[in-house]
Each structure stands twice: as C-alpha cells, then as structure tokens.
Amino acid sequence: MALFEQISEDIKTAMKARDKVRLETLRNIKKVFLEAKTAPGANDTLSDADALKIIQKLAKQGRESAKTFADQNRQDLADSELAQVTVIEEYLPKQLSEEEIESKVKAIISETGAQTMRDMGRVMGAAQKAMAGQADGRVISDIVKRLLS
C-alpha cells in the first residue's frame, strides 16, 4: 500500500479511536501530501520516495519547533510538538546509528576514491542516496567532514 493510502486509512483508524494528537498529525501530513500532488508539474501523483521526503521534512520541522519552544520555556508546546513528531516518525524507516552511518560513509569514501575535502560533494551525493530516509543529512555531513579531514 502506498504511503498516501496508508495515511488515509490511519486517519480513519485515529477517528474511530478518538486519538486527537494522531488525527491532527495525520491530517496535517495528508494536507501536505495533497499540496505536493497538486503542485504544478506533479501530474497529480506522489511517489513513495517523495512522500518519504515530505515526512522527513515534517519530522525535522517538528523537532526544531519543539527545541525552540523548550528554549523559550514553553514546555507545553514543546511536548505537543514532540507528540506529533512521534506519530510522524512511525512512517519513517528505522534510523541508522552513528556507527552504522560511519561504516557506510567509509565504504562510500573507498568506492569513490575520495581523499580530501574537495571530494566531499561526491561522497555526500552517494551517501545521501545510499541512506535516504535512514539518516539525517547533517549527521552524514559531520561524519564525512571528520573522515575526510
């Protein structure tokens, strides 16, 4: 089942269960999916890869919002954001640990023959493709910089 249809089915389940946080979060995801489907050039389709990118973006935005709220001593709003992020993360693939990311990056560096920071673009491109949806780009970037330095 495509991610879009899965979200739609889960909305119905959340409505029946009267789960307000889950329902609100899933409706927000579906809204963003529909906006992406109807965007110019989208041909009224949304691939699972594109849907996954959207979900990753929403999770990242939620974590950043929660951090901002926590910094401003608004723990109630931070907790609300984190509850939504928890729901969003259920639709993401299992995240890799830093050790797993590092081992994959080392393999990519040896495959590409990268040796200096000038080769970072090549390594990052391959790493982003290899670990799409499984690792945050910032973490990958930090590891690549450390290994190429």
Side-chain angles (χ1 to χ4, degrees), residues 1-109 117 120-149:
M1 179 183 299
L3 209 46
F4 184 80
E5 285 83 23
Q6 180 67 45
I7 297 288
S8 298
E9 289 299 314
D10 289 348
I11 286 174
K12 293 176 192 172
T13 306
M15 288 168 77
K16 289 177 185 173
R18 300 184 192 275
D19 186 345
K20 289 183 179 182
V21 172
R22 186 173 197 78
L23 181 60
E24 179 185 338
T25 304
L26 294 175
R27 282 182 171 163
N28 184 42
I29 292 171
K30 188 169 182 179
K31 175 188 75 96
V32 176
F33 281 0
L34 288 171
E35 289 171 356
K37 281 179 82 167
T38 58
N43 299 329
D44 201 34
T45 58
L46 183 67
S47 69
D48 273 354
D50 291 336
L52 195 60
K53 286 179 186 174
I54 290 170
I55 291 176
Q56 282 180 304
K57 181 179 174 186
L58 290 172
K60 184 176 181 181
Q61 286 174 341
R63 282 189 294 271
E64 290 172 354
S65 295
K67 183 182 180 316
T68 302
F69 289 139
D71 291 346
Q72 296 174 350
N73 295 322
R74 290 298 310 265
Q75 196 58 43
D76 55 329
L77 296 175
D79 292 342
S80 173
E81 283 291 328
L82 291 174
Q84 290 185 13
V85 168
T86 303
V87 173
I88 293 170
E89 286 177 340
E90 292 175 17
Y91 297 93
L92 291 173
K94 180 185 165 291
Q95 297 294 297
L96 297 172
S97 69
E98 284 203 30
E99 294 79 28
E100 293 170 318
I101 296 170
E102 187 168 335
S103 68
K104 287 188 179 230
V105 168
K106 284 179 181 176
I108 291 168
I109 288 173
M117 285 299 290
M120 184 171 174
R122 266 190 301 158
V123 174
M124 280 300 296
Q128 292 281 12
K129 278 185 183 174
M131 294 179 265
Q134 297 177 319
D136 183 41
R138 185 172 294 140
V139 174
I140 295 172
S141 175
D142 291 343
I143 291 172
V144 170
K145 284 178 187 174
R146 188 179 74 232
L147 293 175
L148 289 178
S149 293

Enquirer: Please check if the number of heavy atoms outside M117 that lie under 6.0 Å from its CE is greater than 12.
Expert: yes
Enquirer: Would you tabulate the side-chain donor-acceptor contacts of residues 124-134 under 3.5 Å, counting partners in other chains and residues two or more places apart, or write 'none'?
Expert:
none

Enquirer: For E98, what residues pass the side chain to side chain donor-acceptor pair (under 3.5 Å) criterion, not counting sequence neighbours?
Expert: none
Enquirer: Using a strict threshold of under 4.0 Å (side-chain N to carboxylate O), is an ion pair present between R74 and D76?
Expert: yes
Enquirer: Between I7 and L26, which heavy-atom pair has the shortest distance, and what is it?
Expert: CG2-O, 3.7 Å
Enquirer: Could you measure the distance from the CD1 atom of I54 to the CD1 atom of I88? Nearest 0.5 Å is fine.
Expert: 12.0 Å
Enquirer: What residues form a side chain to side chain donor-acceptor pair (under 3.5 Å) with S141, not counting sequence neighbours?
Expert: none
Enquirer: For the residue pair M120 and V144, what are the closest heavy atoms and their distance?
Expert: CG-CG1, 3.7 Å
Enquirer: Show the nearest heavy-atom pair for residues A66 and A78, with the distance to one decimal.
Expert: O-CB, 3.4 Å
Enquirer: Considering all heavy atoms of both residues, which atom of E100 and which atom of L96 are nearest to each other, and what is their separation?
Expert: OE1-CA, 3.3 Å
Enquirer: Only counting residues at least two apart or in another chain, list the ones meeting salt bridge (charged side-chain N to carboxylate O under 4.0 Å, His left out) with E99.
Expert: none
Enquirer: With sequence neighbours left out, what residues match K57 under side chain to side chain contact (heavy atoms under 4.5 Å, CB included)?
Expert: Q61
Enquirer: Please assess D50 against F4 for the test side-chain contact (heavy atoms from CB on, under 4.5 Å), listing each intermediate value before the final yes or no.
Expert: CA-CA 10 Å; D50 291 336; F4 184 80; over 6 Å; no
Enquirer: Name all pairs fulfilling the side chain to side chain donor-acceptor pair (under 3.5 Å) condition that reach into residues 62-73, sequence neighbours left out, sorted by first residue then second.
Expert: R63-E89, K67-D71
Enquirer: Starting at CD1 of I101, measure out to CD1 of I143 and round the result to the nearest 0.5 Å.
Expert: 5.0 Å
Enquirer: Give, for atom CG of D142 and atom CZ of R146, the distance between the pair rounded to the nearest 0.5 Å.
Expert: 8.5 Å
Enquirer: Check salt bridge (charged side-chain N to carboxylate O under 4.0 Å, His left out) between K31 and all other residues, then give those that pass, not counting sequence neighbours.
Expert: E35
Enquirer: Determine the minimum heavy-atom distance between L3 and L52, stating which atoms define it.
Expert: CD2-N, 4.1 Å
Enquirer: According to side chain to side chain donor-acceptor pair (under 3.5 Å), who are the partners of K30, at least two apart in sequence or on a separate chain?
Expert: S8
Enquirer: For residues 17-27, pull every pair meeting salt bridge (Lys or Arg N to Asp or Glu O under 4.0 Å), keeping only residues two or more places apart or in separate chains.
Expert: R22-E90
Enquirer: If you measure from CD1 on I109 to CG on L147, what distance do you get to the nearest 0.5 Å?
Expert: 4.5 Å
Enquirer: For side-chain contact (heavy atoms from CB on, under 4.5 Å), just list the numbers for F69 and L82, CA-CA rounded to whole Å, side-chain angles, deciding distance to a tenth of an Å, and then say yes or no.
Expert: CA-CA 11 Å; F69 289 139; L82 291 174; over 6 Å; no
Enquirer: Could you work out, with side chain to side chain contact (heavy atoms under 4.5 Å, CB included) as the rule, every residue matching T13, not counting sequence neighbours?
Expert: none
Enquirer: Quick check: closest heavy atoms across V85 and A59, and the distance to 0.1 Å?
Expert: CG2-O, 3.9 Å
Enquirer: Can you name the residues that form a salt bridge (charged side-chain N to carboxylate O under 4.0 Å, His left out) with K106, not counting sequence neighbours?
Expert: E102
Enquirer: How far does OG1 of T25 sit from CD1 of I11, to the nearest 0.5 angstrom?
Expert: 10.0 Å
Enquirer: Hey, mind stepping through V87 and I29 against side-chain contact (heavy atoms from CB on, under 4.5 Å) and telling me if it holds?
Expert: CA-CA 10 Å; V87 173; I29 292 171; 5.6 Å; no
Enquirer: Listed by chain and number, what are the side chain to side chain donor-acceptor pair (under 3.5 Å) partners of D79, not counting sequence neighbours?
Expert: Q75
